[in-house]
Q: 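This structure is in structure tokens; I'll ask about it shortly.
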2 protein chains.
Amino acid sequence: MGARFLKSIRLLAECMQGYERLSGEYVRRSGLTHAQFDIIATLGNTPGMSYKELGEKTLITKGTLTGVIERLEQKGLVERQRSDCDKRSFFVRLTKEGERVFCDVFPEVISQSGKVFAHYTPDDFSALEKTLSELKNVIMAGHLPGTPEHDCD
Amino acid sequence: MGARFLKSIRLLAECMQGYERLSGEYVRRSGLTHAQFDIIATLGNTPGMSYKELGEKTLITKGTLTGVIERLEQKGLVERQRSDCDKRSFFVRLTKEGERVFCDVFPEVISQSGKVFAHYTPDDFSALEKTLSELKNVIMAGHLPGTPEHDCD
DNA sequence: TATTGTTATACTCTATAACTATA
DNA sequence: TATAGTTATAGAGTATAACAATA
């Protein structure tokens, strides 16, 4: 029962929870739900990606993803395009308006929630990034290695 | 736009997401939803707490909490008791069965998801705990200091 | 036959606000 | 008047499974 990693996980959860509480207010203020913001944030600064990839990155299952994307499409924030190489597949990307929201809402969320880091030094950041990167590595290694990933465009 | 903390937050989110993916399978297998598991995990190893406190710790708003607790009560996993000192307030705690689930599901989730830490050294844990504790501190400091907290029982 | 995305169902969570009963 | 919890409502996310089109 004395699994030491539990303390880290609890800290991890508390940090995430705290940060979400901090940023959540600004997310909601933008009229986006958490899941929708997740999608926008994931698509931001990318050329777009398939439903499959989007689902994997955001932990949203395909059935749900249809609905979330649908609402974002209605809002004119994302657009879909049939993939050329696999006609079953859609390519989802931000529209101009979606990019505007990303560039608008994101920095606002960022600047507000980033205030708490005012006194962090470069060394503090380095240490944090290092330990989190290692943590991410072991966690991701725990997932099945099956990520076939076909080259396409 | 080059806010350095973003990298840390992204790593944080990826770690949390990865861990939830890892543990989520076992949580669902127990028949609990994520929110329900949150409650059980929060109540575990405590004498119980009020709705208010529970809501603060889990980020679940009071209106929602009523429903979540209701379902857990129906399952016989938690019980409520009027607070002596404040009759508006309920005291929520795990039942015997709830403790059994906590002691049963939790370790299973823990042992399965903990496998990825097999090669972590005490130093690795120390470093992780240290950086996360610091992170938690600055994040929590970002919340309003108003946590009056009345002593009671 | 396997995979991508859709549809349908049933349930759960969420935000919000009006309400009650206590304080 | 303010606070703890309830109720009601509308919207959104979730798991799951059956389905179409494509690979």
Q: Hey, are the side chains of Met49(A) and Val92(A) touching, using non-hydrogen atoms and a 4.5 Å cut-off?
A: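 Of all side-chain heavy-atom pairs linking Val92(A) with Met49(A), none is under 4.5 Å.
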
Q: Using atom CD1 of Ile69(A) as one end and atom P of dT7(C) as the other, report the distance to the nearest whole Å.
A: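 In whole Å, dT7(C) P and Ile69(A) CD1 are 14 Å from each other.
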
Q: Ignoring hydrogens and geometry, is there a side-chain-to-backbone donor-acceptor pair from Ser113(A) to Leu22(A) under 3.5 Å?
A: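 Answer holds: no.
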
Q: Go along nucleotides 12-23 of chain D 5' to 3' and tag each nucleotide: B for a protein heavy atom under 4.0 Å from its base, S when only backbone or sugar atoms are that close, - otherwise.
A: SSBS-----BBS

Q: Given atom CZ of Arg82(B) and atom P of dG5(D), what is their separation to the nearest angstrom?
A: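 About 8 Å, once rounded to whole Å.
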
Q: List the residues meeting side chain to side chain donor-acceptor pair (under 3.5 Å) with Ser126(A), not counting sequence neighbours, and say none if there are none.
A: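 Only Arg4(B) meet the side chain to side chain donor-acceptor pair (under 3.5 Å) criterion with Ser126(A).
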
Q: Atom CD of Gln74(A) and atom C1' of dG11(D): how far apart are they, to the nearest Å?
A: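 Rounded to whole Å, this separation is 13 Å.
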
Q: Phosphate oxygens OP1/OP2 of dT3(D): is one of them under 4.0 Å from a side-chain N or O of Tyr51(B)?
A: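 For Tyr51(B), the contact criterion (side-chain N or O under 4.0 Å from OP1 or OP2 of dT3(D)) is not met.
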
Q: Taking OP1 and OP2 of dT22(C), is either one under 4.0 Å from a side-chain nitrogen or oxygen of Ser89(B)?
A: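 Ser89(B) to dT22(C) OP1/OP2: no side-chain N or O under 4.0 Å.
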
Q: When you check the phosphate oxygens OP1 and OP2 of dG5(C), does a side-chain N or O of Thr66(A) lie under 4.0 Å from one of them?
A: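 For Thr66(A), the contact criterion (side-chain N or O under 4.0 Å from OP1 or OP2 of dG5(C)) is not met.
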
Q: Could you tell me whether a side-chain N or O of Ser50(A) sits under 3.5 Å from a main-chain N or O of Phe90(A), the two making a donor and an acceptor?
A: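 Answer holds: no.
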
Q: Nearest 0.5 Å please: distance from the CG atom of Leu135(A) over to the CZ atom of Phe125(B).
A: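 Between Leu135(A) CG and Phe125(B) CZ, I get 9.5 Å after rounding to 0.5 Å.
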
Q: What is the distance, rounded to the nearest whole Å, between atom CD of Glu56(B) and atom P of dT3(D)?
A: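 So the two atoms are 12 Å apart, to the nearest Å.
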
Q: Can you check whether Ile39(A) reaches Leu77(A) side chain to side chain, under 4.5 Å on heavy atoms?
A: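 No, side chains not in contact.
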
Q: How close or far is atom P of dT6(D) from atom NZ of Lys52(B), stated in whole angstroms?
A: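 So the NZ-P distance, Lys52(B) to dT6(D), works out to 15 Å.
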
Q: Calculate the interatomic distance between Arg80(B) atom CZ and dA4(D) atom P; express it in whole Å.
A: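 Arg80(B) atom CZ is separated from dA4(D) atom P by 16 Å.
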
Q: Strictly under 6.0 Å, is that where the ring centroids of Tyr51(A) and Phe91(A) end up?
A: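 No: the rings miss the under 6.0 Å criterion.
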
Q: Report the distance from atom CG of Leu32(B) to atom P of dT12(C), rounded to the nearest whole Å.
A: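 Those two atoms, CG and P, are 11 Å apart.
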
Q: Rounded to the Å, how far apart are Leu65(B) CG and dT12(C) P?
A: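 My rounded result for the distance is 16 Å.
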
